[in-house]
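Input: a single structure, listed below in structure tokens.
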2 protein chains.
Amino acid sequence: MHKEHTLTKNQQIIFDLIDKSPEPMKAYSILFNVQKKGIKAPLQVYRALDKLVEIGKIHKIESRNAFIACHNSSCQVANATAFSICEVCEKVTEISSVGLSKYLANFKDKDGMKYSKYNLEFFGLCKKCR
Amino acid sequence: MHKEHTLTKNQQIIFDLIDKSPEPMKAYSILFNVQKKGIKAPLQVYRALDKLVEIGKIHKIESRNAFIACHNSSCQVANATAFSICEVCEKVTEISSVGLSKYLANFKDKDGMKYSKYNLEFFGLCKKCR
DNA sequence: TTACATAATGTTATATTATAACAATTTAAT
DNA sequence: ATTAAATTGTTATAATATAACATTATGTAA
Ligand SMILES: [Zn+2]
Ligand SMILES: [Zn+2]
Ligand SMILES: [Zn+2]
Ligand SMILES: [Zn+2]
């Protein structure tokens, strides 16, 4: 139920880098890492990032201005994201909880407004750092 | 249960501005608006913003890099924030739902990890824009 | 009230994150 | 082949945020 997008050259290079990274990557760190592959300018990075976010292959961690690959089976839920963030080591994990996503998808505010999209970031200490 | 912080001069100036604003304010817009009051440098603004966020008088809307005053009775819940954001007119509202905050405060991930803090941003269309 | 610690301020410079504008090229559908 | 849409390349610049250091104000304890 989920169109396959063939990534372009720049998109593929940048996705591969993020996907291999154990931690979220920042745009200029990405840029530095792909310069040897011919991607020379910030805009080339940001354009690829925008597209990858749009199709759900990666997510932006808003509180960190950083990007991680989706590990939720190429996110059918690019519009419903939840992360846990360790405030000590900065480890970020994508949360996939059926309960949570159902609860949030159905959440209505006082005016009965429903939302088409959400992003949730939890903060705390990871196992290691506890 | 909630210490009163006496705001300093810069903090008060900047809080008042944000508090009066009908929409989230960005740091450099704040700077522009308080220059006539003697606050001349970005750092003066960011320092006040940091403190105001810390004590829960304002919140940062991460996806917008903007700040709004807390309307949740000077937020006992600075560590548990939820907002609705209209993707057309950019209106932002702080959500205060007992059900939601209870659900999220008690949420545990697969590893049984509980979190000390969260930020949730919902996106959709506000009443006007629907 | 003096001494000390802590917090806030002022200032300059700089780092980091992100987009504007425009030309050229590639891709995919008629 | 024609055309529209998407992607790329490139330079310049805008927007967001912090480093470093000197100074002043505020609170607390002897
Ligand atoms: Zn995902
Ligand atoms: Zn950790
Ligand atoms: Zn609040
Ligand atoms: Zn609206």
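In what follows, chains are A, B, ... by sequence order, proteins preceding strands, each numbered from 1. Below, each value reflects all heavy atoms present in this structure, side chains not excepted, and no hydrogens, waters or symmetry copies.
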Identify whether a stacking contact exists between Tyr28(A) and dT17(C), where the ring centres must be under 5.5 Å apart and the planes under 30° apart. yes
Side-chain N or O of Lys26(A) versus OP1/OP2 of dT16(C): is the shortest distance under 4.0 Å? no
Out of curiosity, does Ile85(B) fall in the hydrophobic cluster containing Leu120(B) (side-chain heavy atoms, cut-off under 4.5 Å, transitive links)? no
Round to the nearest Å and state the distance from Ile13(B) atom CD1 to dA8(C) atom C1'. 13 Å
Close side-chain approach of Phe67(A) to Leu52(A), heavy-atom, < 4.5 Å: no
Tell me, do Glu121(B) and Ile95(B) make a side-chain contact under 4.5 Å, heavy atoms counted? no
Any side-chain heavy atom of Ser116(A) sitting closer than 4.5 Å to one from Glu87(B)? yes
In B/S/- notation (B base, S sugar-phosphate only, - none; protein heavy atoms under 4.0 Å), nucleotides 20-30 of chain C written 5' to 3' is BB---------
Relative to the 5' end of DNA chain D, which residue comes earlier, Thr8(A) or Phe67(B), by the nucleotide with the nearest heavy atom? Thr8(A)
Quick check: do Tyr28(A) and Val45(A) have side-chain heavy atoms less than 4.5 Å from each other? no
Rounded distance (Å) that lies between atom P of dT17(C) and atom CE of Met25(A): 12 Å
To the nearest Å, give me how far apart CG (Leu49(A)) and C1' (dT8(D)) are. 15 Å
Say you draw a straight line from CD1 of Ile58(B) to CG of Leu49(B); how long is it, rounded to the nearest 0.5 Å? 4.5 Å
Which residue, Lys40(B) or Asn65(B), contacts DNA chain C at a nucleotide closer to its 5' end, judged by nearest heavy atom? Lys40(B)
Of the nucleotides dT8(D), dA18(C), dT11(C), which has the atom closest to the Gln44(A) side chain? dT8(D)
Please report the distance, rounded to the nearest Å, between CD1 in Ile61(B) and C1' in dT16(D). 16 Å
How close or far is atom P of dA18(C) from atom CZ of Arg64(B), stated in whole angstroms? 13 Å
Which residue lies toward the 5' end of DNA chain D, Ala41(A) or Ser29(B), if each is placed at its nearest nucleotide? Ala41(A)
Closest approach to the side chain of Lys60(A), judged atom by atom: which nucleotide of dA17(D), dT9(C), dA18(C) is it? dA18(C)
Angle between ring planes, Phe107(A) versus Phe122(B), binned at 30° and 60°: parallel, tilted or perpendicular? parallel
Please give, in whole Å, the distance from dG9(D) C1' to Gln11(A) CD? 15 Å
Lys9(A) NZ to dT8(D) P, in whole Å, measures 8 Å
How close or far is atom C1' of dA17(D) from atom CD of Glu62(B), stated in whole angstroms? 13 Å
